[in-house]
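To keep things clear, I will list the structure first and then write my remarks on it.
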Amino acid sequence: WVTLKEVLISFGVGFILSMILAIILYSFDMVYKIFDPFITMLNSLPKVAIGPLILIWCGANIKSVIIMALLINLIVSVITIYTGFRKVSSNHLLLFKSFGASKIKTLWYLVIPSSINSIISSLKLNISMSFIGVIMGEFLVSKEGVGYLIIYGTQVFNLDLVLAGVLILVVLSYVLYKPISLIEKYKGMHILIVDDNKLNIKVARKAIADFGFIIDEALDGNECLEKIQNGEKYDLILMDIMMPNMSGETCLKKLKENPSFNTPVIALTADAVAGAKERYLSEGFKDYLQKPFSREQMKEKLNNIFRN
């Protein structure tokens with residue numbers, strides 16, 4: 001648990017600092033030009049060489065381990081995120097500028113969303129580098145944790161102890177990598193929630209909030225049709241059935257009048273009578289989800305839809 005705690009702290013602090021530093025470097029060219037050579041030099045410096053200095057300054061404790069991990073994961077993450085920011089389309093930046101968008105709004109609504117791939121890449125690098133840094137730190141501190149277990153097993157020639165430590169690291173790596181891979185799987189996918197009840201929209205949003213979707217919403221069938229007709233593209237539509245003016249079934253029927261419409265639509269309804277699912281599937285809905293639904297039920301439906 002000590003190693004897991006150190007990795008989580010290093011990972012969290014490293015990612016937050018990486019984002020802040022990357023934003024500063026991107027926002028101020030002069031700052032980037034001044035610090036770029038130092039960032040390169042610091043990144044090329046062998047961190048093990050300054051391990052004893054960290055030990056002298058901070059002592060043989062968790063602080064030394066986390067500082068070692070930050071030295072290893074921080075620079076790589078900053079460079080990855082900053083590079084992603086620099087790749088944002090100049091035409092898009094010019095468009096935002098022509099509309100008078102401030103630097104903060106441009107950063108929040110354009111630069112960061114457009115760099116989601118780079119940010120996810122930095123998360124993946126960050127988690128692996130955090131493990132490397134923490135284990136190196138535990139080698140130096142030699143008090144507790146998986147790193148200490150491995151170094152102790154090596155010193156007493158206990159191969160079982162070493163392999164046990166390696167196995168624990170593999171399991172921990174998988175457990176921490178899995179949420180990131182889930183975000184990567186759904187990143188940038190555009191979902192439309194159609195419901196006349198704002199509370200229901202809020203519940204649906206909450207159920208899919210952690211998956212990295214771009215979420216749009218419509219308060220009735222007419223608004224949904226208008227968005228599609230105006231050229232909006234969605235990877236999935238979550239459609240309430242019972243809506244005033246136009247039911248979800250009627251809305252889907254009108255959507256399918258367009259030969260090019262092939263977006264999967266999941267029916268959201270409180271209709272629990274026998275045969276309801278079969279009826280909705282026969283009407284062209286890709287799947288059916290009964291209200292109220294849990295996050296796990298929604299996740300299962302999404303996996304089924306996007307796996308296919």
Side-chain angles (χ1 to χ4, degrees), residues 1-19 43 47-48 51 62 64-81 83-84 115-154 158-189 206-213 235 294-308:
W1 294 114
V2 173
T3 299
L4 181 60
K5 176 185 171 184
E6 291 165 345
V7 169
L8 288 174
I9 293 172
S10 306
F11 174 73
V13 174
F15 177 67
I16 292 168
L17 287 176
S18 312
M19 284 294 294
N43 191 41
K47 311 305 182 295
V48 180
I62 191 172
S64 296
V65 176
I66 291 170
I67 289 171
M68 173 62 77
L70 287 175
L71 282 173
I72 290 174
N73 71 24
L74 190 59
I75 303 300
V76 176
S77 296
V78 170
I79 293 170
T80 304
I81 296 171
T83 304
S115 307
I116 191 71
N117 287 333
S118 297
I119 293 171
I120 290 173
S121 296
S122 79
L123 285 172
K124 291 161 76 174
L125 281 170
N126 198 333
I127 197 70
S128 58
M129 292 297 179
S130 294
F131 267 105
I132 293 169
V134 164
I135 296 304
M136 285 176 61
E138 289 177 349
F139 281 173
L140 288 168
V141 171
S142 295
K143 284 184 72 177
E144 54 187 350
V146 178
Y148 169 68
L149 186 72
I150 292 171
I151 201 76
Y152 175 74
T154 305
N158 189 333
L159 187 59
D160 292 342
L161 205 57
V162 175
L163 289 176
V166 172
L167 183 61
I168 291 169
L169 284 178
V170 170
V171 172
L172 288 178
S173 300
Y174 177 79
V175 169
L176 294 181
Y177 178 80
K178 192 65 180 172
I180 299 173
S181 66
L182 193 64
I183 294 171
E184 185 179 30
K185 180 180 178 181
Y186 294 130
K187 72 180 185 300
M189 286 188 173
K206 190 174 180 181
I208 60 177
D210 300 331
F211 299 136
F213 292 121
D235 297 289
S294 67
R295 183 179 181 277
E296 287 305 312
Q297 288 172 319
M298 177 64 81
K299 180 182 173 182
E300 183 184 347
K301 297 295 182 184
L302 295 175
N303 280 333
N304 290 337
I305 292 287
F306 294 121
R307 188 184 298 121
N308 296 331

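- Residues meeting the side chain to side chain contact (heavy atoms under 4.5 Å, CB included) test with Ser118, sequence neighbours left out: none.
- The nearest pair of heavy atoms linking Thr83 to Ile79 is OG1-O, 2.6 Å.
- Proximity of Asn303 to Glu300: side-chain heavy atoms (C-beta onward) are nowhere separated by under 4.5 Å.
- Between Phe15 and Ser77, every side-chain heavy-atom pair lies at or beyond the 4.5 Å cut-off.
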Please tabulate, one pair per line, all N/O donor-acceptor pairs under 3.5 Å involving side-chain atoms of residues 159-172, not counting sequence neighbours.
none

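- In this view, Ile62 and Lys5, Glu6, Ile66 satisfy the side chain to side chain contact (heavy atoms under 4.5 Å, CB included) rule, not counting sequence neighbours.
- Qualifying side chain to side chain contact (heavy atoms under 4.5 Å, CB included) partners for Ile127, counting only residues two or more places apart in sequence or in other chains: Val7, Phe11, Phe131, Leu176, Ile180.
- For Thr3 (side chain) and Val146 (main-chain N/O), a donor-acceptor pair under 3.5 Å exists by modelled atom type.
- Between Ser10 and Val134, the shortest heavy-atom distance links the atoms OG-CG2, 3.8 Å.
- Among residue pairs with one or both ends in residues 66-75, those qualifying as side chain to side chain donor-acceptor pair (under 3.5 Å) are Asn73-Asn126, Asn73-Ser130; sequence neighbours excluded.
- Between the CD1 atom in Ile135 and the CD1 atom in Ile151 there is a gap of 10.5 Å [rounded to 0.5 Å].
- By the side chain to side chain contact (heavy atoms under 4.5 Å, CB included) test, Leu125 is found to be paired with Val76, Thr80, residues two or more places apart in sequence or in another chain being considered.
- Considering all non-hydrogen atoms of both residues, Arg295 and Ala207 come closest at CG-O, 3.4 Å.
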